[in-house]
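See structure below.
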Amino acid sequence: MRANEQGLSSLEFRKLQEVPVEAVDASGCAINYQGLDNLLALKELQSLSLRRCPHVDDWCLGRLYQLADSLQELSLAGCPRISERGLACLHHLQNLRRLDISDLPAVSNPGLTQILVEEMLPHCEVLGADWAQGLKVGPEEQSRDAASSPIPAWPSAPPHQARSLPGCAERPTAHPSGSVGLTQLGGSGWGEGRRA
Amino acid sequence: MLRRALRLRLGPCLSGRGLGTYRRGSTLDWDGKVSEIKKKIQSIFPGGAWNPLYDTSHLPPERSDVVIVGGVLGLSVAYWLKRLEKQQGAIRVLVVERDHTYARASTVLSVGGIRQQFSLPQNVQLSLFSAEFLRNINEYLAVVDDPPLDLQFNPSGYLLLASEEGAAIMERNVKMQRQEGAKVCLMSPEQLQKKFPWINTEGVALASYGLENEGWFDPWCLLQGLRRKLQSMGVLFCQGEVTRFISSSSHMETASGEQLTLKRIHEVHVKMDHSQEFQPVECAIVVNAAGAWSGQIAELAGVGNGPPGTMQGTKLPVEPRKRYVYLWHCPQGPGLEAPLVADPSGAYFRREGLGNNYVGSCSEEEPDPGNLEVDYDFFQEKVWPRLAQRVPAFETLKVTDR
């Protein structure tokens, strides 16, 4: 619905002025802290995509609480300036059901951050970093797989570094990029299907 | 070459000591002769503080328009002075700091919080401006070819809790803060429990929670950023201690005919570290931003020397207060969403990093601000019981540092 040559919008556009905006896709837009004013005014906004926005940073996330009543879906994937500190303010968004925090280069520990965000937003499905990122191979699994693996095994980690999260079962699982055993998060039902 | 020529002429009697030091027993009036020669040379070679006889590069300049004593606030004053000067280079600013490593400065030892929840409207306005400054810090403090600053700001907000007695005041304050433009909300104990299930709301009548522009950041980064920018703007830095002010008084008459003595500081003596050498710096204005030690600086300037009960007789009411800050680990503690929580009893804490570590303390008076030793018993007796009462998860915690 573009404006015609005289710069006037069509009448149909004016009819839609009263229609509440439910979804905004601002991927790749150069929207900044002040520009968010326009989005935060949309009180019925249910879905917001801010993928790969270069100027959206932790301060901007601090403003999103104003959409807490309506926002159900939020995507922050690929934003270079967002860190785990900004993600802490998302806890206001209790109606959020889908959150995408994958590919955030400024987040220092993506696996741990994802776990903390999931704990913070229990009703929300968090798409994000591969939870296996940052985990090192357990020593017993590494020696077992080394014999059969065509890929050279990773350097063995000292025993105290093998991560095991409370309450989960130790099960070796096949990883697509090589036969290396990793400890798996129990009970979250994510498995292999959701790689961001 | 000129230096060598001077040495030959003035002969072997010339010692390497600075003009500012006191010399005894000189029958030749050496100081007078030297300063005459220096004036002659400076009239031939104008421009800048250049001393032909010895190296004064480690000393502050002899003349400066403004001398600022202090840490991060002093740097901030210097920054705005240079930003707002009418012509580039119009104001010469010298910042005097006793400790270049800032090991004892309040700035770097603080928990680095910023909030708008104050009881004075002016403080709220200042803090709102500061938040905007910090948000755009890389525009304000940009230096060519230097990397941008990362303040590590955590926009998690402050949560202040009030008991029954403090509830009315808190409500009044929040109303004022919101009028000034701060984004603060009030919560009842039920709302508080729902939002932060790990809090024990017993004894809490009201809570105020900062939603935006509140949180904590890295103050060391701010300090370094300011220093770097100021150096690029031409502000001179000096590591030394202010030991003396030389002022001149004159008798003035007010409009109503009253006689007053107007005192003006026109020289500051800056003593170098680990030596008795000092440099008198002529200046027009001295800014006292020495934080906890500004009371001492004010005393040097004679604030408080006068009949008690009058304005002249009132000392600057600033004294250093020691505060302990502790770092502990608690695996079942509050999660990522935890704000900086301040209990009505004075205990406070905030999250530190992602590994279930927390920093906090109790803002209560402790003795002896002379040293910076930490008392762990204070934590056991004063801080931990209050924190554990407010956040039951903190029953089992382990102090790691500080």
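The chains referred to below are lettered A, B, ... by the order of the sequence lines, with proteins before strands, and numbering in each begins at 1. Side chains are part of it too, since the values below use all heavy atoms of this structure and drop only hydrogens, waters and symmetry mates.
Contact of A:Gln66 with chain B is made through the side chain alone, with heavy-atom distances under 4.5 Å. For B:Asn136, no part lies near chain A; criterion is any non-hydrogen pair under 4.5 Å. Neither the backbone nor the side chain of B:Phe217 has a heavy atom closer than 4.5 Å to any heavy atom of chain A.
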Begin from the C-alpha positions of B:Leu134 and A:Trp59 and carry the test side-chain contact (heavy atoms from CB on, under 4.5 Å) through to its verdict.
CA-CA 10 Å; B:Leu134 294 179; A:Trp59 293 86; 3.9 Å; yes
Stepwise side-chain contact (heavy atoms from CB on, under 4.5 Å) test for A:Leu90 and B:Glu337
CA-CA 8 Å; A:Leu90 295 182; B:Glu337 73 278 7; over 6 Å; no
Can you list the steps and then say if B:Lys195 with A:His91 is a side-chain contact (heavy atoms from CB on, under 4.5 Å)?
CA-CA 9 Å; B:Lys195 197 146 189 102; A:His91 87 277; 3.9 Å; yes
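Taken to the nearest 0.5 Å, the CG atom of B:Asn356 stands 7.0 Å off from the CG atom of A:Leu116. In this structure, CG in B:Leu336 is found 9.0 Å from SG in A:Cys89, a value given to the nearest 0.5 Å. For the atom pair A:Glu84 CD and B:Gln152 CD, the distance stands at 8.0 Å (nearest 0.5 Å). In this structure, OH in A:Tyr65 is found 5.5 Å from NZ in B:Lys183, a value given to the nearest 0.5 Å. A distance of 9.5 Å separates CD in B:Glu212 from NE2 in A:His92, rounded to the nearest 0.5 Å.
Under a cut-off of 6.0 angstrom, the local environment of CD in B:Gln179 is crowded, with over 12 non-hydrogen atoms contributed by other residues, nucleotides or ligands. In the displayed structure, B:Glu132 atom CD is contacted under 6.0 Å by more than 12 heavy atoms of other residues, nucleotides or ligands. Counting non-hydrogen atoms of other residues, nucleotides and ligands closer than 6.0 Å to NZ of B:Lys175 gives a total of 12 or fewer. Counting non-hydrogen atoms of neighbouring residues, nucleotides and ligands closer than 6.0 angstrom, the CZ atom of B:Arg178 reaches no more than 12 such neighbours. B:Glu171 CD: 12 or fewer foreign heavy atoms inside a 6.0 Å radius.
With a 6.0 Å cutoff to the six-membered ring centre and a 45° limit on the axis angle, A:Arg85 does not count as a cation-pi contact of B:Phe153.
Taking each heavy atom of A:Ser108 and B:Leu354 in turn, the nearest pair found is OG-CD1, 4.3 Å.
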